[in-house]
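Numbers here are sequence positions counted from 1. Please read these numbers as outputs of a predicted model, since none were measured by experiment. Counting convention: from 1, in listed order, for ligands and their atoms alike.
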Amino acid sequence: MGHVDHGKTTLLDKIRGTAIVSGEAGAITQHIGATEVPIDVIVDKLGDPRLRDRFMVPGLLFIDTPGHHAFTTLRSRGGALADLAIVVVDINEGFKPQTFESLQILKRFKTPFVVVANKIDRIGGWVPQKNMPFAATFKKQSGDVQARLETKLYEVVGELYNQGFAAERYDRVTNFQNTLGVVPVSAFTGEGVPDVLMVLLGLAQRFLEANLQYSATGPGVGTVLEVKEEKGLGPTLDIILYDGTLKKGDTVVIGSLGEPLQTKVRALLKPRELSEIRYESKFQQVNKITAAAGVKISAPGLEGALAGAPIRVATEETLEEIVAQVKSEIDEVRIDTDSVGILIKADTLGSLEALVHEFKKDEVPIRKAEVGDISHRDAVEASTVEDPLYSVLIGFNVKVHPDAREFLQESNVKLLTSDVIYRLVEDYQKYVKEQKE
Ligand code: GDP
Ligand code: MG
């Protein structure tokens, strides 16, 4: 997670790349939207075979957040889909809106995470030492450069403190239960990358062992990451399967705005190996996948599937029950209760959930909260709320239809749109204050 351009994809590429260089290319599996790195590869990378027995995790599945909001879709039943997170911040730029937003989401989900202070190679005078652990490369830098790094690092630590997190350079942390580790890294040169893996494994061991139970044979359960149009395939779903098995031909139930979708999996697609790019399709078919994994699903009738929604495998016997379950998972997020209250529209289930949470925290009544663009109907509905404090339409990362915009111009409805969650909350608070004055 983190602000756009702060280096998330580069870091993941480097983790994958250095692992491949370490001679275990076959062991790294590229998934759709995710990369699986087995524990042996990581331990090998860390250079201490004794570590092998210390870690119970079979490996790590890294999910790259495709857009800068997509991490709000990394959800499962009101919780976080990810067990751990890496927050990437450019050490030279410091905190940005999406950095703050990442932290708020992690706080809400209580997800353990590590902060990566990236792009240390950009610090004036830095002499790169390819793929070296942080301590080793730090020692090789001049006193001036070291001081510059410390200054920038403590700005990051200060920002974290302002956000309510005790933090420290990770090698100075004595208790990871109450202090966040900050790892100085260059995703570009690989410096500090072994340290990130080490801290992640440490967190995995400390926080997750009890929760690492999952079933490999049960019916598949996953979360929709993205609904994506693919040439020749139509709409497809990129999903993360976090429990059980999913097979070609399986009946799946997927959350949508209305009744849950029911369809049969036509194809399960994984990225082709690099050596196979001569094939026309970017994808190769597989007959089944087992959690945890990322995969693309092709199936009829995927229009209307929601990013962030659950996807569950059903059988003839369980279908009714699974449909009800998926429906209730979606209804947990959508609310339609207070008759006087604001209207919220958001791009994904996850962002909607985050917004509802933030406004509820401030005890703001909500009349309607839905995924989708702002339509004429929404505008009309907001205008029926008489109290000006609540005759408000909130839009997160959505379009405003022209006829809605036209209607709003003539009405007293306050329209607030942004692509940063906490900005919407702040803008709303500001609006309320103005109204009260
Ligand atoms: P994302 O949007 O967070 O996924 O960011 P990217 O990984 O796409 O990186 C954005 C830009 O920053 C790219 O041009 C990268 O090459 C560059 N970049 C990423 N990490 C580093 C780093 O550690 N050092 C330097 N100098 N550039 C970096
Ligand atoms: Mg990226």
Atom 23 (O) of ligand 1: nearest protein contact (heavy atom, Å): Ala187 N, 2.9 Å
Ligand-side contact atoms (ligand 1) for residue partner Val4, heavy atom cut-off under 4.0 Å: 2 (O)
Of Leu241, Ile239, Thr223, Val326, the residue whose pairing with Ile311 passes side-chain contact (heavy atoms from CB on, under 4.5 Å): Ile239
Enumerated ligand 1 atoms positioned under 4.0 Å from heavy atoms of Ser186: 23 (O)
Phe113-Phe165 aromatic ring centre distance below 6.0 Å: yes
Salt bridge present between Lys361 and Glu358 (N-O < 4.0 angstrom): yes
Ionic contact status for Lys327 with Glu259, cut-off 4.0 Å: yes
Pi-cation contact, Phe138 with Arg169 (under 6.0 Å, within 45°): yes
Salt bridge Lys345-Asp373, side-chain N to carboxylate O under 4.0 Å: no
Protein residue, atom and distance nearest to atom 16 (O) of ligand 1, heavy-atom basis: Phe188 CE1, 3.6 Å
Test: Lys433 cationic atom under 6.0 Å from Tyr428 six-membered ring centre, within 45° of axis: no
Asn118 neighbourhood, listing ligand 1 atoms whose heavy-atom distance to it stays under 4.0 Å: 20 (N), 21 (C), 23 (O)
Protein contact to atom 26 (N) of ligand 1 [nearest heavy atom, distance to 0.1 Å]: Asp121 OD2, 2.9 Å
Residue portion contacting ligand 1 (non-hydrogen atoms closer than 4.0 Å) for His6: backbone
Separation of Glu370 CD from Leu349 CG (nearest 0.5 Å): 11.5 Å
N or O pair under 3.5 Å between Val185 and ligand 1: no
Part of Thr10 within contact of ligand 1 (heavy atoms, under 4.0 Å): both
Any N, O or S atom of Thr9 closer than 2.8 Å to the Mg ion (ligand 2): yes
Heavy-atom pair of closest approach, residues Leu302 and Ile297: CD1-O, 3.7 Å
Option of least heavy-atom distance to atom 18 (N) of ligand 1 (set: Gln98, Lys119, Lys14): Lys119
Salt-bridge criterion met for Asp250 and Lys288 (N-O under 4.0 Å): no
Subset of ligand 1 atoms that lie under 4.0 Å from at least one heavy atom of His3: 3 (O)
Within reach of ligand 1, part of Asp5 (heavy-atom separation under 4.0 Å): both
Exercise check, heavy-atom protein proximity under 4.0 Å to atom 7 (O) of ligand 1: yes
For atom 5 (O) of ligand 1, closest protein heavy-atom neighbour: Gly7 N, 3.1 Å
